[in-house]
Number of protein chains: 2
Amino acid sequence: MSAPRTARARARAELTVAIKDEARRQLTETGAHGLSLRAVARELGMVSSALYRYFPSRDELLTALIIDAYNALGAAAERAVAREIDACEQWRRGCHAVRDWARAHPHEYSLIYGSPIPGYRAPQDTIAPAGRAPAALVGALRTGWATGGLRPPPSTAHISDELREQAAVLVRLFAPEVPVPIVLRALIALTQLFGTISFELNGQFVGTVDPADEFFGHAVEEMMFFVGLR
Amino acid sequence: MSAPRTARARARAELTVAIKDEARRQLTETGAHGLSLRAVARELGMVSSALYRYFPSRDELLTALIIDAYNALGAAAERAVAREIDACEQWRRGCHAVRDWARAHPHEYSLIYGSPIPGYRAPQDTIAPAGRAPAALVGALRTGWATGGLRPPPSTAHISDELREQAAVLVRLFAPEVPVPIVLRALIALTQLFGTISFELNGQFVGTVDPADEFFGHAVEEMMFFVGLR
DNA sequence: GCTGAATCGAGAACAGTGCTCTCCCAAGAT
DNA sequence: ATCTTGGGAGAGCACTGTTCTCGATTCAGC
């Protein structure tokens with residue numbers, strides 16, 4: 001993303017982010033369902049067809065918002081983890097940062113972790129940003145392993161060969177030298193984390209542990225112990 | 001839901017389910033986003049305005065589908081749990097039944113556990129059906145407690161007063177006499193369960209543990225031990 | 001600096017959508 | 001047999017995403 005040379009290129013870049021900003025603004029008001037291209041164009045003082053010079057379809061605009069949302073969430077998680085604190089505290093703050101971001105941007109969160117609305121998206125552009133937040137958490141695991149802040153891993157006896165191979169790929173990519181059973185438990189903790197946040201945001205906790213602050217904190221601590229952080 | 005006396009009442013009841021059936025059929029093809037009242041009416045040989053005699057709005061039709069989906073998922077879970085097997089096997093089969101139903105009806109699943117599309121729904125009619133599947137799982141926990149199939153509960157030391165009270169309400173409603181720490185761990189396991197299924201259905205596992213069969217089974221076993229079933 | 005080419009916004013148009021309103025016929029109740 | 005109600009048909013409104021054409025503006029090569 002180098003500096004745009006010509007005036008036209010600069011205008012294009014600025015309008016592209018202006019469109020996304022306005023779309024994001026409407027997203028927070030009406031949700032993905034009510035996001036209207038025409039309304040976005042109207043608010044920007046242009047006509048709807050002009051918008052197609054920047055995004056080939058509504059779904060492409062949504063995909064751009066999805067990528068931005070992944071990156072924003074990932075950045076929030078990385079910011080929370082990148083401190084001079086022990087692995088436990090890194091994991092804890094990372095989890096809470098994810099929840100805080102989700103509560104601050106519920107519609108963007110459900111854009112990325114809710115129902116896949118736009119047809120079925122082309123994953124290639126989204127998978128790298130999608131990995132940032134989980135990778136940040138796993139980073140805490142790596143520092144835990146490097147500093148001796150992890151309990152010894154559970155047995156690998158009950159892990160099937162296929163799962164062991166899948167996990168080995170993950171280990172190679174994100175957490176070299178961390179044992180497979182621990183990475184698998186971290187993956188379980190991650191699904192628990194996002195499951196809880198989704199439940200909270202979708203109102204699935206109403207009538208039970210709502211508000212969910214206490215439960216969330218408790219779950220983080222329990223799962224932290226589960227993965228071996230102490 | 002007694003037998004309709006008049007011919008008109010019977011016709012109305014039949015048409016109501018016919019509308020829902022056709023809507024469900026379209027749901028499996030296009031997802032909630034592409035569900036069109038007019039298309040449903042067209043397929044049923046009527047005009048769109050006639051449909052409003054049965055459902056006051058598109059969102060109300062979706063809400064009806066949501067309730068049906070909760071009930072179908074709940075029934076599947078109850079069927080899996082209601083066997084003469086030990087608590088472990090009940091829990092295991094219940095979890096797999098939920099996943100199997102979700103994979104067989106992905107759009108209905110993401111209708112209930114994905115982004116809340118219809119404005120914000122009126123929960124009152126949905127919370128009772130929504131509780132069936134979780135209640136079935138917790139039922140396995142109860143038989144486990146009654147038959148001595150549960151390990152002793154972990155300490156309650158790190159549970160805040162507010163969370164303890166919230167959990168106590170849950171205990172009273174769904175699992176009288178099961179200790180609070182165990183119910184809390186069960187709730188954690190439930191969020192993990194639904195989180196994993198949502199991840200799998202939304203393609204969040206692509207490039208990691210996809211296909212997710214092995215990981216799902218592994219996670220169920222790990223969480224089963226986590227809640228104290230042995 | 002001029003010219004041909006690429007870019008971009010405006011406007012109209014098409015095929016859809018959810019929803020409302022009126023009209024009218026048939027079924028039910030009295 | 002009358003009256004009230006329920007329900008379907010149709011037109012219409014205000015939207016939507018998307019495509020097309022048509023000028024105007026900007027850029028790049030000479």
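Just so it is clear: chains get the letters A, B, ... in the order the sequence lines come, proteins before strands, and each one is counted from 1. Reckoned from all heavy atoms, side chains included, excluding hydrogens, waters and symmetry mates. Please read these numbers as outputs of a predicted model, since none were measured by experiment.
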Open item on the list: Please encode protein proximity along nucleotides 24-30 of chain C as a string of B, S and -, counting only heavy-atom distances under 4.0 Å.
Closed with: --BBS--
Open item on the list: By the 4.0 Å heavy-atom rule, please label Ser49(A) as base, sugar-phosphate, or nothing.
Closed with: base
TODO: Give a yes-or-no answer on whether the side chains of Ser198(B) and Tyr109(B) include a donor-acceptor pair shorter than 3.5 Å.
DONE: yes
- [ ] Using ring-ring contact (aromatic ring centres under 6.0 Å, His included) as the criterion, list what pairs up with Phe226(A), not counting sequence neighbours.
- [x] Phe226(B)
Open item on the list: Distance check needed: dC19(C) C1' versus Glu60(B) CD, whole Å only.
Closed with: 14 Å
Open item on the list: Could you work out, with salt bridge (Lys or Arg N to Asp or Glu O under 4.0 Å) as the rule, every residue matching Arg164(A), not counting sequence neighbours?
Closed with: Asp161(A)
Task: Covered region of DNA chain D, 5' end to 3' end, by chain B [heavy atoms, under 4.0 Å] - done: dT5(D) to dG12(D)
Open item on the list: Within the 3.5 Å criterion, strictly below it, is a donor on Thr196(B) or Gln192(B) matched to an acceptor on the partner's side chain?
Closed with: yes
TODO: Ignoring backbone atoms, test whether Tyr52(B) places a side-chain nitrogen or oxygen under 4.0 Å from the OP1 or OP2 oxygen of dC21(C).
DONE: no
Task: Rounded interatomic separation in angstrom, taking CG from Leu62(B) and P from dT17(C) - done: 15 Å
Please table the atom pairs, donor to acceptor, closer than 3.5 Å between any side-chain atom in residues 44-51 of chain B and protein atoms at least two apart or in another chain.
none

Task: Partner residues of Phe199(A) under the ring-ring contact (aromatic ring centres under 6.0 Å, His included) criterion, sequence neighbours left out - done: Phe205(A), Tyr113(B), Phe194(B)
TODO: Sequence neighbours left out, what pairs pass side-chain hydrogen bond (donor to acceptor under 3.5 Å, both in side chains) with at least one residue falling in residues 17-29 of chain B?
DONE: Lys20(B)-Asp68(B), Asp21(B)-Arg24(B), Glu22(B)-Arg25(B), Glu22(B)-Gln26(B), Arg24(B)-Asp68(B), Arg25(B)-Glu29(B)
- [ ] Send over the distance from Arg53(A) CZ to dA6(C) P, rounded to a whole Å.
- [x] 14 Å
Task: salt bridge (Lys or Arg N to Asp or Glu O under 4.0 Å) pairs, two or more places apart, involving residues 205-214 of chain B - done: Arg99(B)-Asp213(B)
- [ ] With sequence neighbours excluded, tell me which residues meet salt bridge (Lys or Arg N to Asp or Glu O under 4.0 Å) with Arg142(B).
- [x] none
Task: Under the salt bridge (Lys or Arg N to Asp or Glu O under 4.0 Å) test, residues paired with Glu222(B) that sit two or more places apart - done: Arg185(A)
Open item on the list: Does the Lys NZ or Arg CZ of Arg132(A) fall within the cation-pi geometry relative to Tyr70(A) - under 6.0 Å from the ring centre and within 45° of the axis?
Closed with: no
Open item on the list: Applying a 4.0 Å non-hydrogen cut-off, can you work out what Phe55(B) is touching in the nucleic acid: base, sugar-phosphate, or nothing?
Closed with: nothing
Open item on the list: Just so I know, are the side chains of Leu137(A) and Cys95(A) near enough to count as touching, which here means a heavy-atom distance under 4.5 Å?
Closed with: yes
Task: Inter-axis angle, terminal five-pair segments of the helix from dG1(C)-dC30(D) to dT30(C)-dA1(D) [nearest 10°] - done: 20°
Open item on the list: Could you tell me how far apart Leu15(A) (CG) and dG9(C) (C1') are, to the nearest whole angstrom?
Closed with: 10 Å
Task: Salt bridge Glu221(B)-Arg92(B), side-chain N to carboxylate O under 4.0 Å - done: yes
Task: Contacting residues from residues 34-46 of chain A, given that a heavy atom lies under 4.0 angstrom of DNA chain C - done: Arg38(A), Gly45(A), Met46(A)
TODO: Under 4.0 Å between any heavy atoms, over every strand shown, what does Arg58(A) touch: base, sugar-phosphate, or nothing? Just pick one.
DONE: sugar-phosphate
